[in-house]
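Just below is one structure, and these are the notes that go with it.
What you see is a predicted model; the values in this text were computed from it and never measured.
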Amino acid sequence: MHVAVIGTGIVGTCTAAWLQRDGHQVTFFDPLEPGEACSFGNAGSLSPSACLPVGMPGMAKRVPSWLLDPLGPLTVRWRYAPVVLPWLVRMLRHSSREEVTRIATALRSLLVPIFDCYGPLLQDAQATALVRRSGCLYVYSSREKAAQWAWGMNLRRSLGVQMRDVEQDELEQLEPDLKGRFRFGILAPENGSTTDPSALVKALHAHCMARGAVHLRQRVAGFERQGRRVTGVRTDEGASLPVDGVVVAAGAWSGQLAAQLGSRVPLETQRGYHVTVRSSNLQLRHTVMAVENNLMVNPMAMGLRLAGTVEFAGLKAPPRFERAQALLRLGQQLFPHLDTSATTQWMGHRPCLPDSLPVVGRARSAENAWLAFGHGHMGMCMGASTGREVAHLVAGRPTQVDLTPFRPERF
């Protein structure tokens with residue numbers, strides 16, 4: 001088959017790579033270079049433990065204070081509030097213990113095979129050096145503080161996540177640069193990360209191109225149809241390309257395309273920010289999640305990346321880089337000796353659904369169109385496993401993961 005893959009982020013690129021392994025011809029559609037949107041700016045985590053949704057029990061009590069703080073961990077720009085409020089209400093409806101358990105169970109099913117699914121793709125692209133399996137440390141100022149997050153951590157354990165407590169002495173042995181601010185930790189030894197998420201996507205994309213893929217740097221405007229089949233892809237430049245099938249993996253821009261294929265989903269954009277400290281003098285060996293501060297710290301090839309903030313303001317509002325600077329100040333508080341003389345900052349659009357589950361499945365009104373988007377801040381974690389499952393759908397094979405929780409029709 002000749003399959004159009006709309007999007008050259010981690011999800012679209014992994015999907016194309018898995019499709020090529022089945023012998024399909026692939027044409028990418030994306031005006032951007034590969035790995036230049038969220039796949040560039042994410043925290044680089046590859047975490048089988050990252051199965052908790054954004055909406056957690058008790059979150060409703062904290063949201064008002066967050067919304068009043070323009071630099072807090074979750075905020076809404078007031079002009080966008082009327083648009084996003086119904087979406088936020090839906091998110092909070094999914095934050096009960098029963099719903100969180102259901103959602104975490106589904107997310108865990110896509111997260112367990114992270115490295116099994118990335119392995120063959122990275123080997124094919126000769127890019128295995130871009131991934132490490134060094135584990136993740138969830139760190140706290142005290143064991144007593146950690147108890148506030150015990151329910152979520154125990155849920156992770158109940159779903160098979162390997163986690164073990166780390167007392168202060170061992171924590172400081174594992175990561176001497178954590179000394180002073182953190183006195184208790186939980187180690188997730190199965191977790192990993194990428195040293196350069198953009199380079200990883202570019203390597204996979206380059207291998208796809210070497211195997212015959214084509215990348216048309218145009219934005220998709222719509223589709224040619226015959227009955228329940230897509231027969232062509234139309235671009236905003238007026239061109240049309242005949243295809244045998246299409247995968248929509250355009251991240252935060254996927255909603256309108258999915259609607260044209262009969263699947264209307266409440267897609268939003270979590271605007272994520274990061275700061276990369278290029279001059280970092282820290283020698284971290286693990287990805288570090290400072291839970292109380294909602295800050296993920298990942299040592300990368302280009303420096304130390306600090307990420308962990310959510311803003312709802314839509315696709316068109318300009319960045320508010322004060323949020324990135326707030327991350328930097330937080331990093332300086334947690335690591336007083338951090339050299340911050342050279343930094344860069346970024347904002348990107350993370351596609352998300354109110355239940356924190358991505359959309360993975362066949363489009364409602366087209367039998368040869370498949371949807372793969374809405375992974376929120378976990379696209380890098382779930383990109384390869386999503387790609388593998390979409391390839392199964394395209395081939396008509398049984399999937400290895402139960403995709404029922406991710407079906408587009410759930411809304």
Side-chain angles (χ1 to χ4, degrees), residues 10 35-47 50 69-75 129-141 171-172 174-182 185 188 191-202 270-311 318-350 377-381:
I10 188 60
E36 289 299 316
C38 276
S39 297
F40 166 81
N42 65 81
S45 172
L46 298 172
S47 302
D69 180 2
L71 301 181
L74 186 154
T75 193
L130 292 172
V131 169
R132 60 194 169 200
R133 300 284 298 275
S134 53
C136 175
L137 276 168
Y138 297 86
V139 296
Y140 306 85
S141 58
L171 180 62
E172 294 177 356
L174 289 172
E175 292 290 2
D177 279 314
L178 297 180
K179 187 174 183 178
R181 293 288 299 183
F182 305 105
N191 286 12
S193 63
T194 173
T195 57
D196 191 330
S198 181
L200 189 153
V201 178
K202 290 180 186 300
Q270 295 178 19
R271 294 157 59 98
Y273 292 80
H274 85 220
V275 168
T276 300
V277 183
R278 294 185 177 274
S279 54
S280 172
N281 55 333
L282 301 188
Q283 301 297 318
L284 297 181
R285 296 187 290 268
H286 302 77
T287 301
V288 174
M289 181 65 191
V291 180
E292 296 163 70
N293 310 99
N294 196 39
L295 180 70
M296 178 159 278
V297 183
N298 193 14
M300 292 186 174
M302 70 290 291
L304 191 72
R305 182 157 293 177
L306 311 175
T309 178
V310 173
E311 177 187 52
R320 180 183 285 162
F321 280 120
E322 294 92 333
R323 295 183 63 77
Q325 291 305 306
L327 289 172
L328 181 61
R329 288 194 296 273
L330 185 56
Q332 291 171 315
Q333 293 172 20
L334 299 180
F335 306 103
H337 57 300
L338 175 62
D339 178 359
T340 60
S341 58
T343 65
T344 59
Q345 56 191 11
W346 170 91
M347 186 279 289
H349 297 279
R350 299 180 295 202
H377 61 282
M378 294 187 291
M380 190 62 64
C381 293

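Screening residues 320-342 for ring-ring contact (aromatic ring centres under 6.0 Å, His included), with sequence neighbours left out, gives no hits. Within the structure, salt bridge (Lys or Arg N to Asp or Glu O under 4.0 Å) pairs that include any residue of residues 270-294 comprise R271-E311 (at least two apart or interchain).
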*Check the pair Y138, N191 against side-chain contact (heavy atoms from CB on, under 4.5 Å), reporting the backbone distance first and the verdict last.*
CA-CA 11 Å; Y138 297 86; N191 286 12; 4.1 Å; yes

*Check step by step if side-chain contact (heavy atoms from CB on, under 4.5 Å) holds for T309 and L327.*
CA-CA 8 Å; T309 178; L327 289 172; 3.9 Å; yes

_What verdict does the side-chain contact (heavy atoms from CB on, under 4.5 Å) test give for N42 and I10, after you've listed the backbone C-alpha separation in whole Å, the side-chain angles of each residue and the deciding distance to 0.1 Å?_
CA-CA 11 Å; N42 65 81; I10 188 60; over 6 Å; no

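For the residue pair S193/R132, the side-chain donor-acceptor check at 3.5 Å is satisfied.
Judged by distance alone, the side chain of N294 and the main-chain N or O of G308 form a donor-acceptor pair under 3.5 Å. Y273 contributes no side-chain N or O that, together with a main-chain N or O of P319, makes up a donor-acceptor pair within less than 3.5 Å. Put simply, the side chain of T276 never gets that close to the backbone of G303: no donor and acceptor are under 3.5 Å apart. Judged by distance alone, with hydrogens and angles left aside, the side-chain atoms of R323 form a donor-acceptor pair with the main-chain N or O of V310 at under 3.5 Å. The backbone N or O of F40 sits nowhere less than 3.5 Å from a side-chain atom of S198 that would complete a donor-acceptor pair. Between the side chain of E175 and the backbone N or O of H286, at least one donor-acceptor pair lies under 3.5 Å. A donor-acceptor pair under 3.5 Å links the side-chain atoms of D177 to the main chain of Q283, judged by distance alone. No donor-acceptor pair under 3.5 Å is formed between the side chain of D339 and the backbone N or O of N281.
Between S341 and S279, the shortest heavy-atom contact is N-OG, 3.1 Å. The two atoms that bring M378 and A50 nearest to each other are SD-O, 2.7 Å, heavy atoms only. When all heavy atoms are compared, the tightest approach of G348 to C38 is C-SG, 4.1 Å. Residues C381 and L46 come closest through the heavy atom pair SG-CA, 4.0 Å. Closest non-hydrogen pair, A290 versus L334, comes out as CB-CD1, 3.9 Å. Minimum interatomic distance between Q332 and T340 (heavy atoms only, all atoms of both residues): NE2-OG1, 3.0 Å.
With rounding to the nearest 0.5 Å, the separation of OG in S39 from CE in M380 is 5.0 Å. Here S134 contributes atom OG and N298 contributes atom CG; the two are 7.5 Å apart, rounded to the nearest 0.5 Å.
For T194, there are no side chain to side chain donor-acceptor pair (under 3.5 Å) partners at least two apart in sequence or on another chain. By the ring pair (Phe, Tyr, Trp, His ring centres under 6.0 Å) test, H377 is found to be paired with no residue, residues two or more places apart in sequence or in another chain being considered. Under the rule for a salt bridge (Lys or Arg N to Asp or Glu O under 4.0 Å), the partners of E36 that lie at least two apart in sequence or sit in another chain are K202. Residues satisfying the ring pair (Phe, Tyr, Trp, His ring centres under 6.0 Å) test with H274, not counting sequence neighbours, are W346.
Exactly one of T343, L304, V297 qualifies for a side-chain contact (heavy atoms from CB on, under 4.5 Å) with S280. That residue is L304.
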